[in-house]
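Following: one structure in structure tokens, then a few remarks.
Keep in mind it's a predicted model, so treat the numbers as computed, not measured. By convention in this document, chain letters (A, B, ...) are assigned in the order of the sequence lines, proteins followed by strands, and residues within each chain are numbered from 1. Keep in mind that the numbers below use all heavy atoms, side chains included, and drop hydrogens, waters and symmetry copies.
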Number of protein chains: 2
Amino acid sequence: MDRTEVDRCDCNVIHKDIVDAVKGKMPSEENLYDLAELFKVFGDSTRIKILWALAESEMCVCDIAALLNMTQSAISHQLRVLKQARLVKNRKEGKVVYYSLDDDHVKQIFSQGLSHISE
Amino acid sequence: MDRTEVDRCDCNVIHKDIVDAVKGKMPSEENLYDLAELFKVFGDSTRIKILWALAESEMCVCDIAALLNMTQSAISHQLRVLKQARLVKNRKEGKVVYYSLDDDHVKQIFSQGLSHISE
DNA sequence: TGAATAATTGAACAATTGTTCATATATTCA
DNA sequence: TGAATATATGAACAATTGTTCAATTATTCA
């Protein structure tokens with residue numbers, strides 16, 4: 001590891017080569033941060049439900065609100081988060097805004113997650 | 001949708017069949033909650049870094065701390081979270097506790113996440 | 001135009017989270 | 001045994017988060 005950092009225990013000396021090798025293989029700080037930000041979006045059951053619903057069918061805001069038995073406002077706030085993460089897209093038809101999935105990976109990420117849970 | 005719930009806009013009437021169909025296909029409330037809890041664990045860059053490091057090599061607590069330039073305590077707290085989520089396991093060798101990945105899906109979930117980010 | 005509808009937005013609030021600090025536990029070895 | 005080391009833990013703190021409420025915007029249609 002960098003000589004600018006303090007060795008905090010003997011392991012750091014003994015395992016120096018292993019730690020150095022791992023450090024060399026780690027993705028960039030930025031990529032790891034973005035990855036965490038993405039999973040943070042999946043880490044809320046309201047958003048998970050919205051994504052799951054949209055995986056079945058395009059829906060408007062008030063339909064999602066009715067489906068999840070929550071307020072339109074709460075759903076709208078969460079749809080904003082999902083859109084910023086480029087996980088959903090929308091189209092406007094008169095007063096009504098229809099949302100749908102904007103990513104092929106969502107279903108696959110869900111599938112891996114479910115596999116882990118049901119182990 | 002349930003007649004016990006209030007229709008909050010005309011869409012709920014117009015789209016009734018679609019919403020009903022989606023409702024019928026949704027996984028259980030419990031599964032969706034567990035899925036969100038799992039992704040919540042992935043939704044922190046410290047934990048992402050730890051998982052990524054362990055995907056390369058088994059490591060002890062103080063090595064991870066040195067690698068990420070964080071305190072031993074902070075790492076230990078996060079390893080606890082990861083262990084509760086059954087994402088890492090550990091073995092003790094004297095004073096030293098070695099942690100490693102405990103799940104085959106981690107790398108695949110990462111891979112899907114990265115695909116989305118680099119779109 | 002003006003009332004009604006669908007959606008968005010911003011502020012506020014409680015609840016949750018990640019780190020730090022101090023302390024406790026477990027193990028080695030002189 | 002007692003000092004040193006590696007890890008774990010609990011309390012406390014600031015920071016972040018999700019929902020609610022009230023108000024605003026955009027659109028339809030009578």
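Regarding A:Met70, its CE atom lies at a distance of 16 Å from the C1' atom of C:dA7, rounded to whole Å. Straight-line distance from the CZ atom of A:Arg47 to the P atom of D:dT17: 9 Å, rounded to whole Å. Residue B:Lys40 contributes atom NZ, which lies 10 Å from atom C1' of D:dG18 at whole-angstrom precision. Put simply, OH on A:Tyr98 is 8 Å from P on C:dA7, counting in whole angstrom units. To the nearest angstrom, P of C:dT8 lies 12 Å from CD of A:Gln84. One atom, CD1 of A:Ile64, and another, C1' of C:dA6, lie 13 Å apart when rounded to the nearest Å. Regarding A:Glu37, its CD atom lies at a distance of 17 Å from the P atom of D:dA15, rounded to whole Å. Distance A:Lys95 NZ to C:dA3 P: 15 Å, rounded to the nearest Å.
A disulfide is not assigned to B:Cys11 and A:Cys60, since their SG atoms are no nearer than 2.5 Å.
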Report the C-alpha distance between B:Leu51 and B:Val88 in whole Å, list the side-chain angles of each, state the deciding distance to 0.1 Å, and finish with yes or no for side-chain contact (heavy atoms from CB on, under 4.5 Å). CA-CA 8 Å; B:Leu51 289 172; B:Val88 305; 3.9 Å; yes
Step by step, work out the side-chain contact (heavy atoms from CB on, under 4.5 Å) result for A:Asp63 and A:Leu67. CA-CA 6 Å; A:Asp63 284 340; A:Leu67 175 66; over 6 Å; no
Run the side-chain contact (heavy atoms from CB on, under 4.5 Å) check on A:Arg86 and A:Asp103 step by step: do they pass? CA-CA 7 Å; A:Arg86 305 186 350 269; A:Asp103 190 88; 5.9 Å; no
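Only A:His77, A:Gln78, listed by number, bring a heavy atom of residues 76-83 of chain A to less than 4.0 angstrom from any atom of DNA chain D. Residues of residues 49-58 of chain B having a heavy atom closer than 4.0 Å to DNA chain D: none are found.
In the set C:dA7, D:dG18, D:dA6, the nucleotide with an atom closest to the side chain of A:Cys62 is C:dA7.
In this structure, A:Pro27 and A:Leu32 have side chains that are in contact, with non-hydrogen atoms separated by less than 4.5 Å. Two residues are said to be in side-chain contact when any heavy atoms from C-beta on lie closer than 4.5 Å; B:Lys49 and A:Glu29 meet this criterion.
The phosphate of C:dT27 (OP1 or OP2) has a side-chain N or O of B:Lys92 nearer than 4.0 angstrom. Contact between the side-chain N/O atoms of A:Ser73 and the OP1/OP2 oxygens of D:dT20 is not found at any separation under 4.0 Å. The phosphate of C:dA6 has neither OP1 nor OP2 within less than 4.0 Å of any side-chain N or O from A:Tyr99. Contact between the side-chain N/O atoms of A:Gln72 and the OP1/OP2 oxygens of C:dA6 is not found at any separation under 4.0 Å.
Here B:Leu54 contributes atom CG and B:Leu87 contributes atom CG; the two are 10.5 Å apart, rounded to the nearest 0.5 Å. To the nearest 0.5 Å, atoms CG (B:Asp10) and NE2 (B:His15) are separated by 10.0 Å.
Along DNA chain D, the nucleotide closest to A:Asp10 and the one closest to B:Ala74 are compared, and the more 5′ of them pairs with A:Asp10. The residue among A:Glu93 and B:Val61 whose nearest nucleotide of DNA chain D is located toward the 5' end is B:Val61.
Aromatic ring centroids of A:His116 and B:Phe42 lie 6.0 Å or more apart.
Ring-plane geometry between B:Phe110 and B:Trp52 is classed as parallel, the angle between the planes falling under 30 degrees on a 0 to 90 degree scale with a further cut at 60.
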